[in-house]
Amino acid sequence: MTDSLESADFIRDIIDQDLKNGVNSGRLQTRFPPEPNGYLHIGHAKSICLNFGVAAEHAGGQCNLRFDDTNPEKEDVEYVDAIQEDVRWLGFDWEERKYFASDYFEPLYHYAEELILKGKAYVCDLSPSAMREYRGTLTEPGRDSPYRDRGVEENLDLFRRMRAGEFPDGARVLRARIDMASPNMNMRDPALYRIRRVEHHRTGHAWVIYPTYDYAHGISDALECVTHSLCTLEFEDHRPLYDWILDQLDLPCRPRQIEFSRLSLEYTVMSKRKLNALVQSGMVAGWDDPRMPTISGLRRRGYTPESIREFCRCIGISKSPNRVELALLENCLRSDLEARSPRTMAVLRPLKVVIESWPEGHEEFLTAPIHPQNEAMGKRTICFTRELFIEQEDFRETAPKQYKRLVTGGEVRLRNAYVIRCREVIQDPVTGEIVELRCEHDPATLNANPVGRKVAGVIHWVSATRSVVGEVRLYAPLFTMPEPDALKGEIVDHVNPDSMEIVSGCRFEPILAEESVALPYQFERLGYFHRDRDSCPGAPVFNRTVGLRDAWSKIEQKL
RNA sequence: UGGGCCGUCGCCAAGCGGUAAGGCCCCGGAUUUUGAUUCCGGCAUCCCCAGGUUCGAAUCCUGGCGGCCCAGCCA
């Protein structure tokens with residue numbers, strides 16, 4: 001499928017080059033480093049596919065899973081469990097290499113003392129607001145902290161007492177001693193350690209000081225012998241700091257940070273802060289709400305790991321700002337689902353049809369392919385009876401000539417069954433609503449075309465007596481504007497109120513009521529559907545993962 | 001107005017001095033008991049703009065323009 005001969009992206013080019021040049025003895029080690037402060041989303045999938053993917057493409061290449069858990073205030077075990085489930089579900093395996101930045105708290109601490117000993121770090125007593133003032137602005141240099149020239153002994157003593165819990169939260173920080181006049185804000189003596197009396201989900205109360213991302217990340221990479229540390233563009237400015245820290249210390253390996261642009265997708269948001277706000281507000285049913293761009297949401301919606309991986313392959317890796325169209329994601333989804341989904345018929349909004357030419361009580365069992373393009377998937381049996389249901393929108397009393405479905409007096413093919421003709425329309429005498437169609441069937445049209453005339457339309461149906469009732473949930477994007485990130489105010493206020501439509505009283509082929517149903521199904525002419533966990537015995541609930549391409553809606557719009 | 005990065009078709013994205021890949025979308029048409037699938041065909045004389053170098057530039061140089069990121073003891 002993928003042509004391995006052509007260059008894939010600039011990161012793979014760099015890696016190939018490094019490997020060829022024997023950098024790090026020709027080893028390839030990557031890592032996927034989520035912070036356990038939320039659920040993974042499809043943007044993370046891009047990073048996961050890159051990190052695990054590139055490792056898998058090279059003999060001996062490995063990718064670690066490392067939780068970047070340096071900020072206990074926001075982190076939780078719920079997230080570490082969910083993240084592991086999602087990575088595994090996507091099809092990747094970290095084997096025994098599951099690590100936590102918190103595993104390195106002790107060595108991290110000792111490297112910090114080393115920095116102090118070398119005069120490269122100092123304890124600063126400035127308050128957060130004072131530190132901000134001293135930092136300067138984008139256009140003006142900062143000023144040295146009055147604590148910048150503390151002696152090594154004093155720094156060491158103070159830092160040890162920070163660890164020992166002698167000072168209140170926020171009273172002091174350990175800072176790198178770099179350059180307060182640097183045009184790069186990250187180099188203006190960034191904080192390395194802060195005092196925070198918060199229970200950590202893994203180390204409990206063992207620590208009252210916690211390292212910052214900038215300090216911990218590079219060292220964690222080096223300790224794991226990571227060769228290529230791939231991250232998103234916003235860390236580009238941090239790379240000089242990443243390199244600075246590694247340069248000061250004697251570490252087992254020298255990782256290289258390379259940045260790529262993060263994924264943006266139309267009609268959704270990707271920041272964990274905003275996703276969290278949606279969850280907390282109750283606007284969505286949770287992190288795994290089928291409308292969410294989270295891995296768990298996509299999974300519940302019915303996306304397959306294969307389709308997400310294919311999507312990540314399609315979007316590529318670059319440094320350009322991007323906002324990918326939903327159509328691309330849906331294309332990857334449909335092409336996977338098309339190939340693997342068994343076919344079935346379901347009627348979402350039933351309209352009763354009585355076949356007057358069919359004997360009362362008579363049942364005929366017809367066979368239909370499970371997949372018209374793949375005979376190997378076998379056949380299924382469907383039951384034809386006198387009373388049927390068709391889709392309300394598949395009948396019109398009058399219609400433009402392009403309309404190929406059932407009209408008054410007209411004929412249509414019932415999929416996998418007979419051609420029928422509509423003889424009479426029964427309406428509710430009060431409301432005028434169409435409640436029933438009286439039709440007749442042509443017995444000669446089973447598995448055969450009618451003679452002397454053409455029947456263009458084919459519609460789906462279900463037996464009124466041999467079908468089960470259930471619910472279907474239809475989804476639309478969470479936001480109606482392609483770039484919700486650009487919106488002002490609370491993201492929660494912009495949620496599309498019509499992003500979920502619940503349709504009850506739907507009719508399914510009986511197989512769909514079975515609890516063993518785990519596959520994605522194609523409901524013919526309607527789309528791909530996935531059984532939701534809200535299903536009850538005998539009362540199935542299906543999520544529409546994605547609809548089929550719909551040429552008719554385009555034709556209709558032009559009429 | 002400091003620093004970093006980016007700018008190739010509506011959306012992604014190859015291209016690395018030799019005369020614009022591919023995918024998605026879109027538009028035609030064929031096949032079709034899913035208006036689905038599949039299949040054919042079309043879709044950038046032009047690469048943010050302007051100069052320059054060169055036999056030759058999207059690719060090199062110069063100067064503009066536009067966009068994104070950075071002033072957390074978040075990651």
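Letters A, B, ... are given to chains in the order of the sequence lines, protein chains preceding strands, and every chain is numbered from 1.
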Colleague: When all nucleic acid strands are considered with a 4.0 Å heavy-atom cut-off, which category describes A/E330: base, sugar-phosphate, or nothing?
Modeller: nothing

Colleague: Tell me the interatomic distance from A/E259, atom CD, to B/C70, atom C1', rounded to whole angstroms.
Modeller: 13 Å

Colleague: What's the CE-P distance between A/M185 and B/C5, to the nearest Å?
Modeller: 18 Å

Colleague: Applying a 4.0 Å non-hydrogen cut-off, can you work out what A/S318 is touching in the nucleic acid: base, sugar-phosphate, or nothing?
Modeller: sugar-phosphate

Colleague: So, is A/S182 near the phosphate of B/G3, with a side-chain N or O under 4.0 Å from OP1 or OP2?
Modeller: no

Colleague: With stacking defined as ring centroids separated by under 5.5 Å and planes differing by under 30°, is A/W552 stacked against B/G35?
Modeller: yes

Colleague: With both distances under 3.5 Å as the test, what is the Watson-Crick or G-U wobble partner of B/C5?
Modeller: B/G67

Colleague: Once the angle between the rings of A/F159 and A/Y109 is folded into 0 to 90°, is it parallel (under 30°), tilted (30 to 60°) or perpendicular (over 60°)?
Modeller: parallel

Colleague: Look at the side-chain N and O atoms of A/T212 and state whether any lies under 4.0 Å from the OP1 or OP2 oxygen of B/A75.
Modeller: no

Colleague: Look at the side-chain N and O atoms of A/R525 and state whether any lies under 4.0 Å from the OP1 or OP2 oxygen of B/G35.
Modeller: yes

Colleague: For A/L326, does its backbone N or O pair with a side-chain atom of A/E266 as donor and acceptor, under 3.5 Å?
Modeller: yes

Colleague: Hey, are the side chains of A/L233 and A/R262 touching, using non-hydrogen atoms and a 4.5 Å cut-off?
Modeller: no

Colleague: A/N71 near the nucleic acid: base, sugar-phosphate alone, or nothing, with a heavy-atom cut-off under 4.0 Å?
Modeller: sugar-phosphate

Colleague: How far does the P atom of B/U31 sit from the matching atom of B/A36, given to the nearest Å?
Modeller: 14 Å

Colleague: Roughly, in whole Å, what's the span from CZ in A/F311 to P in B/C25?
Modeller: 13 Å

Colleague: Need the glycosidic conformation of B/G10: syn if within 90° of 0, anti if not. Which one?
Modeller: anti

Colleague: Report yes if at least one side-chain N or O of A/R313 is closer than 4.0 Å to OP1 or OP2 of B/A13; otherwise report no.
Modeller: no

Colleague: Can you tell me how far apart SG (A/C231) and CD (A/E259) are? Round to the nearest 0.5 Å.
Modeller: 5.0 Å

Colleague: Is any side-chain nitrogen or oxygen of A/R175 closer than 4.0 Å to OP1 or OP2 of B/C73?
Modeller: no

Colleague: Checking only heavy atoms, does the side chain of A/Q402 share a donor-acceptor pair with the base of B/G35 at less than 3.5 Å?
Modeller: no

Colleague: Say you pick atom C1' in B/A14 and the same atom in B/C47; how far apart are they, in whole Å?
Modeller: 13 Å

Colleague: Classify the side chain of A/Q522 and the base of B/U34 as holding, or not holding, a donor-acceptor pair under 3.5 Å.
Modeller: yes

Colleague: With a non-hydrogen cut-off below 4.0 angstrom, is A/R405 in contact with a base, only sugar-phosphate, or nothing?
Modeller: base

Colleague: In whole Å, what is the span from the CD atom of A/E234 to the C1' atom of B/C68?
Modeller: 11 Å

Colleague: So for A/N184 and B/G4, does any side-chain atom that can act as donor or acceptor lie under 3.5 Å from a complementary atom in the base?
Modeller: no

Colleague: Which part of the nucleic acid, if any, lies within reach of A/L138 when heavy atoms closer than 4.0 Å are counted: base, sugar-phosphate only, or nothing?
Modeller: base

Colleague: Phosphate oxygens OP1/OP2 of B/C26: is one of them under 4.0 Å from a side-chain N or O of A/K554?
Modeller: yes

Colleague: When the P atoms of B/C48 and B/A57 are compared, how many Å lie between them, rounded to an integer?
Modeller: 15 Å

Colleague: Please classify the nucleic acid contact of A/K558 as base, sugar-phosphate, or nothing, using heavy-atom distances under 4.0 Å.
Modeller: sugar-phosphate

Colleague: Could you label the plane-to-plane angle of the A/Y39 and A/Y79 rings as parallel, tilted or perpendicular, counting under 30° as parallel and over 60° as perpendicular?
Modeller: perpendicular

Colleague: May I have the distance from A/R549 (atom CZ) to B/C24 (atom P), rounded to whole angstrom?
Modeller: 8 Å

Colleague: Looking at every strand, decide which applies to A/K404 at a 4.0 Å heavy-atom threshold: base, sugar-phosphate, or nothing.
Modeller: base

Colleague: Indicate, with a heavy-atom threshold strictly under 4.0 Å, whether A/E236 touches base, sugar-phosphate, or nothing.
Modeller: sugar-phosphate

Colleague: Do we get A/R175 above A/Y122's six-membered ring, with its NZ or CZ under 6.0 Å from the centre and within 45° of the axis?
Modeller: no

Colleague: For B/C39, give the paired nucleotide (Watson-Crick: N1-N3 plus N6-O4 or O6-N4; G-U: N1-O2 and O6-N3; both under 3.5 Å), or none.
Modeller: B/G29

Colleague: For the pair made of CE in A/M131 and P in B/G72, what is the distance, rounded to whole Å?
Modeller: 9 Å

Colleague: It should be established whether A/R135 places a side-chain nitrogen or oxygen under 4.0 Å from OP1 or OP2 of nucleotide B/C73.
Modeller: yes

Colleague: Taking atom P of B/U37 as reference, at what distance in whole Å does atom CG of A/L337 sit?
Modeller: 13 Å

Colleague: Taking B/A44 as the reference, what is the distance to B/G23 when you measure between their P atoms (whole Å, please)?
Modeller: 14 Å

Colleague: Tell me the interatomic distance from A/N331, atom CG, to B/G23, atom C1', rounded to whole angstroms.
Modeller: 8 Å

Colleague: Give A/R196 one of three labels, base, sugar-phosphate or nothing, depending on what nucleic acid heavy atoms sit under 4.0 Å from its own.
Modeller: base

Colleague: Give me the distance, rounded to whole Å, that separates B/C6 from B/U53 when you measure between the C1' atoms they each carry.
Modeller: 25 Å

Colleague: Given B/A71, B/A75, B/C24, identify the nucleotide with an atom nearest to the side chain of A/E35.
Modeller: B/A75

Colleague: For B/G56, what is the paired nucleotide under Watson-Crick or G-U wobble rules, both distances under 3.5 Å?
Modeller: none

Colleague: Are A/E35 and A/R66 within salt-bridge range, i.e. N to O under 4.0 Å?
Modeller: no

Colleague: What's A/P128 touching, base or sugar-phosphate or nothing? Going by heavy atoms closer than 4.0 Å.
Modeller: base

Colleague: Pick the P atom in B/C5 and in B/C11, then give their distance to the nearest Å.
Modeller: 25 Å

Colleague: Going by the salt bridge (Lys or Arg N to Asp or Glu O under 4.0 Å) test, name the single residue among A/K120, A/R148, A/R177 that passes it with A/D189.
Modeller: A/R148

Colleague: On a whole-Å scale, what distance lies between the P atoms belonging to B/U8 and B/A13?
Modeller: 9 Å

Colleague: Mind checking if A/Y403 touches a base, just sugar-phosphate, or nothing, with heavy atoms under 4.0 Å?
Modeller: base

Colleague: Salt bridge or not between A/E73 and A/R194? Use side-chain N to carboxylate O under 4.0 Å.
Modeller: no

Colleague: Searching all strands shown, indicate the nucleotide that pairs with B/A13 (Watson-Crick or G-U wobble; both distances under 3.5 Å).
Modeller: none

Colleague: Does A/Y193 reach a base, just sugar-phosphate, or nothing at all? Heavy atoms under 4.0 Å.
Modeller: nothing

Colleague: Pick base, sugar-phosphate or nothing for A/S553, based on heavy-atom distances below 4.0 Å to the nucleic acid.
Modeller: nothing

Colleague: Looking only at the side chain of A/C314 (C-beta and beyond, no hydrogens), which of the listed nucleotides B/C12, B/G23, B/C70 gets closest?
Modeller: B/G23

Colleague: I want to check one thing: is the phosphate of B/A36, taken as OP1 and OP2, less than 4.0 Å away from some side-chain N or O of A/R334?
Modeller: no

Colleague: Between B/U37 and B/G56, how many Å separate the two C1' atoms, rounded to a whole number?
Modeller: 47 Å

Colleague: If B/A75 has a Watson-Crick or G-U wobble mate with both distances under 3.5 Å, name it; if not, just say none.
Modeller: none

Colleague: Does a distance-only test, which skips hydrogens and angles, find a donor-acceptor pair under 3.5 Å between the side chain of A/H460 and the base of B/A36?
Modeller: no

Colleague: With a non-hydrogen cut-off below 4.0 angstrom, is A/A456 in contact with a base, only sugar-phosphate, or nothing?
Modeller: nothing

Colleague: Would you kindly check if the NZ (Lys) or CZ (Arg) of A/R172 is within the cone defined by 45 degrees around the ring axis of A/F167 and under 6.0 Å from the six-membered ring centre?
Modeller: yes

